[in-house]
Amino acid sequence: MWSGAFIAGKFAVQEFPPFALTFLRFLFALPLIFGLLYWREPGNLAPRSGQWRPLVVLGLIGTFGYHALFFIALNHTTAINSALIGAMNPMITMLLAALFFQEGLSVKQVYWCVPHRQLYQFSTRLYHCPVSGLFGRIGDGA
């Protein structure tokens, strides 16, 4: 299911601008999300007063920003390259949390970074991923 977003997104960016796609994605998803929230927690529909600011910031950067950049990236690369880079998000998040927020890394977490790092190196060589030539050119001509 997750990988289907990359393929569908690649087709969609040929017809719509990235910000329009991001808007449409949430326009259709939000009624479903709020319906599920109402069904599971009917008394907890609105955030408390102190939760609004963090939610707005996280929504703009973490959700809207991620999806807008995702669709922009699909204009410059293939769906497979985008999926390979997206699959590295948990590892990068874990490493940045350790670096900036001093979160501890377990041996298990570090162990699982190694296969992801090797997959990244393999993908950049095999598919000429845009990250490998980020400063020389944008995208891989796809």
Are Leu99 and Leu95 connected, step by step, through hydrophobic side chains (Ile, Leu, Val, Met, Phe, Trp, Tyr) whose heavy atoms are closer than 4.5 Å? yes
Please report the closest heavy-atom contact between Ala68 and Pro18, naming both atoms and the distance. O-CB, 4.0 Å
If you compare all heavy atoms of Pro47 against all heavy atoms of Gln51, which two are closest, and at what distance to 0.1 Å? CA-OE1, 3.4 Å
Transitively linked via ILVMFWY side-chain contacts under 4.5 Å: Phe16 with Val13? yes
Return the orientation label for the His67 and Phe70 ring planes: parallel under 30°, perpendicular over 60°, tilted otherwise. perpendicular
Contact between Leu37 and Ile33 at the side-chain level, heavy atoms closer than 4.5 Å - yes or no? no
Distance flag, aromatic centroids of Phe64 and Phe19, threshold under 6.0 Å: yes
Looking at Gly9 and Phe71, what are the two nearest heavy atoms and their distance? CA-CE2, 4.0 Å
Any sub-3.5 Å donor-acceptor pair from Thr93's side-chain atoms to Asn89's backbone N or O? yes
Check: Glu15 side chain, Ala12 main-chain N or O, donor-acceptor pair, under 3.5 Å: no
Can you hop from Leu36 to Phe34 via hydrophobic side chains spaced under 4.5 Å? no
Atom pair OG1 (Thr77) and NZ (Lys10), whose distance is rounded to the nearest 0.5 Å: 6.5 Å
About how many Å separate CG of Leu27 and CG of Leu21, when rounded to the nearest 0.5 Å? 12.0 Å
Approximate separation, where rounding is to 0.5 Å, of Ile72 CD1 and Ser82 OG: 12.0 Å
Is the shortest side-chain heavy-atom distance between Leu58 and Thr63 below 4.5 Å? no
Which heavy-atom pair separates Gly62 from Tyr66 by the least distance, and what is that distance? O-CB, 3.3 Å
How close do Leu74 and Phe6 get, counting heavy atoms only, and between which atoms? CD1-O, 4.0 Å
Minimum side-chain heavy-atom gap Met94-Leu105 below 4.5 Å: yes
Students should find that the hydrophobic cluster of Ile61, defined by side-chain heavy atoms under 4.5 Å apart, otherwise consists of Val57
